[in-house]
Amino acid sequence: MKPTILLTGKTGQLGSELNRLLLRLGEVIAPDSDDLDLREPDKIRGVMRDAKPQVVVNAAAYTAVDAAETDEANARAINAEAPQVLAREAQKQGALVVHFSTDYVFDGSKNTPYVESDSPNPLNAYGRTKLAGEEAIRNSGVAHLIFRTSWVYAMHGRNFLQTILRLATEREELKVVEDQTGAPTSAKDLAEAATAILKGIIPATDGSLTFPKISGTYHMTAAGQTNWYEFAKAILEEATRAPQDLPWLTSATNGRPIISSRVLPTSTQAFGSPAHRPAYSVLSNARLLEGFGVTLAHWRTQLHRCFCSSNC
Ligand SMILES: NC(=O)c1ccc[n+]([C@@H]2O[C@H](COP(=O)([O-])OP(=O)(O)OC[C@H]3O[C@@H](n4cnc5c(N)ncnc54)[C@H](OP(=O)(O)O)[C@@H]3O)[C@@H](O)[C@H]2O)c1
């Protein structure tokens with residue numbers, strides 16, 4: 001018997017990849033935000049009780065970092081209160097919760113990769129609500145895997161890759177922030193890594209689940225590090241070399257040629273986003289490797305693969 005997996009956020013960057021991959025592991029029930037609005041706790045309880053999942057994969061989130069500054073109550077409902085309800089229900093039902101969190105739980109004052117035991121200190125509302133979600137899951141006593149990731153991009157959705165490609169068709173010169181360091185991570189690689197881990201802990205034979213002493217928080221990002229300015233330059237390098245008929249690329253550029261010939265570095269202060277962001281948010285993935293033998297490719301490799309494929 002295959003396990004039942006309840007997936008939230010199936011329209012998102014990560015959720016859409018998971019929706020495809022998790023089918024290999026079990027029966028996937030994936031309500032969209034119309035069927036299950038995570039701001040409605042009773043709805044969450046109802047879906048959990050009807051679905052009786054063995055695994056809950058929560059890929060939904062309020063991810064608009066700047067908007068969250070003036071919309072923290074909504075962000076909190078989705079990023080903190082909903083995970084708490086999911087976790088409490090899952091705990092009662094003996095299910096495993098797989099949840100995703102962010103590098104923005106840290107304040108960026110370190111200059112070596114953050115490990116899971118480092119103290120969080122979010123600088124913005126999004127980070128605060130995501131940290132509250134993590135804590136709610138940990139405090140619920142449910143078996144859980146919390147994967148903290150960073151700078152997620154995909155061939156669709158709202159992300160830095162898409163923004164740079166669009167702007168590069170509109171402006172000859174782009175100014176991009178150079179003083180934030182992190183690890184851009186492809187949603188596809190992230191979903192593949194999470195699925196590989198789940199495959200290892202959901203025995204395929206009879207669907208009975210074993211959750212050995214794996215419960216906990218793990219960092220899961222691309223290897224290496226860069227800044228937004230270098231990432232933007234790498235995107236344009238790849239885009240100019242890539243087959244121009246790649247469907248996702250044509251869609252990102254709206255079929256228009258790239259005209260940006262110059263990418264210039266700027267500072268966070270000059271750029272002036274509403275939300276503060278950590279200057280350094282590289283996450284050490286050592287615990288992930290130690291616990292599951294899983295490691296993600298270097299960010300530059302992930303980006304390159306994206307431009308060689310119809311799906312990134
Ligand atoms: N994006 C990043 O750079 C980044 C960085 C670090 C960590 N993360 C974490 O990684 C995970 C996946 O992020 P992502 O980039 O894939 O997110 P995303 O593309 O923004 O997708 C968010 C998903 O959440 C759903 N959602 C939003 N509000 C909802 C609600 N009220 N009820 C139900 N569903 C709702 C959205 O549904 P609709 O499409 O219907 O709105 C969408 O499917 C999240 O936990 C995020 O915090 C992301």
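First listed ligand is number 1; within each ligand, the first listed atom is number 1.
Y62 does not count as a contact of ligand 1, since none of its heavy atoms falls under 4.0 Å from the ligand. Residue contact annotation: A59 has a non-hydrogen atom under 4.0 Å from ligand 1. Under the 4.0 angstrom criterion for non-hydrogen atoms, S16 is not in contact with ligand 1.
Where the criterion is an N or O separation shorter than 3.5 Å, residue side chain and backbone included, S33 meets it with respect to ligand 1. In terms of polar-atom proximity, Q13 is counted as a contact of ligand 1, with an N or O under 3.5 Å from an N or O of the ligand. Taking any N or O of G15, backbone or side chain, none lies under 3.5 Å from an N or O belonging to ligand 1.
Side-chain contact between R148 and M220 is absent, with no heavy atoms from C-beta onward closer than 4.5 Å. For the pair P243/F307, no side-chain contact is recorded, criterion being any heavy-atom separation below 4.5 Å from C-beta on.
Scanning all protein heavy atoms for the shortest distance to atom 28 (N) of ligand 1 gives I78 CD1, 3.7 Å. Scanning the protein heavy atoms around atom 21 (O) of ligand 1, the nearest turns out to be G12 CA, 3.3 Å. Distance from atom 25 (C) of ligand 1 to its nearest protein heavy atom, with residue and atom name: A60 CB, 3.8 Å. Looking only at heavy atoms of the protein, atom 6 (C) of ligand 1 is closest to T149 O, 3.3 Å. The single protein non-hydrogen atom nearest to atom 17 (O) of ligand 1 is T63 CG2, 3.5 Å, given as residue, atom name and distance. In terms of protein heavy-atom proximity, atom 31 (N) of ligand 1 is closest to D37 OD1, 3.0 Å. Of the protein's heavy atoms, L14 N, 2.9 Å lies nearest to atom 16 (O) of ligand 1.
A cation-pi arrangement, defined by a distance under 6.0 Å to the six-membered ring centre and an angle within 45 degrees of its axis, is absent between K233 and F231.
At a heavy-atom cutoff of 4.0 Å, ligand 1 is contacted by the backbone of S101 but not by its side chain. Within the 4.0 Å heavy-atom criterion, the part of K130 lying near ligand 1 is the side chain and not the backbone. Residue contacts with ligand 1, taken as heavy atom pairs separated by less than 4.0 Å, involve L36 solely via the backbone atoms N, CA, C and O.
Comparing heavy-atom distances from atom 8 (N) of ligand 1 across W151, F100, Y104, Y126 singles out Y126 as nearest. Comparing T185, L190, V152 by heavy-atom distance to atom 2 (C) of ligand 1, the nearest is V152. Considering only non-hydrogen atoms, atom 22 (C) of ligand 1 lies nearest to A61 out of G9, S150, A61, G182. With L38, L7, N159 as candidates, the residue nearest to atom 32 (N) of ligand 1 on a non-hydrogen basis is L38. Relative to atom 37 (O) of ligand 1, the option among T102, T8, T11, D32 with the closest non-hydrogen atom is T11.
Proximity of a side-chain donor or acceptor of D32 to a complementary backbone N or O of D34 within less than 3.5 Å is detected. Here the side chain of Q13 pairs no donor or acceptor atom with the backbone of G157 at under 3.5 angstrom. Between the K43 side chain and the E40 main chain, no donor and acceptor come within less than 3.5 Å of each other. With hydrogens and angles ignored, the 3.5 Å screen pairs a side-chain donor or acceptor of N139 with a backbone N or O of E135. T266 places no side-chain N or O within 3.5 Å of a backbone atom of K175 that could act as its donor or acceptor partner. With hydrogens and angles disregarded, a donor-acceptor distance shorter than 3.5 Å links the side chain of S150 to the backbone of A183. Judged purely by atom type and a 3.5 angstrom limit, T221 has no side-chain atom pairing as donor or acceptor with the backbone of T149.
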Notebook entry, point to check: Given the rule in the ring-ring contact (aromatic ring centres under 6.0 Å, His included) test, do Y280 and F106 qualify, once you have shown the distances and angles that lead to the verdict?
Noted result: CA-CA 9 Å; Y280 180 93; F106 295 116; over 10 Å; no

Checklist line | Test ring-ring contact (aromatic ring centres under 6.0 Å, His included) applied to F160 and Y153, step by step | finding: CA-CA 7 Å; F160 186 78; Y153 64 91; 9.1 Å; no

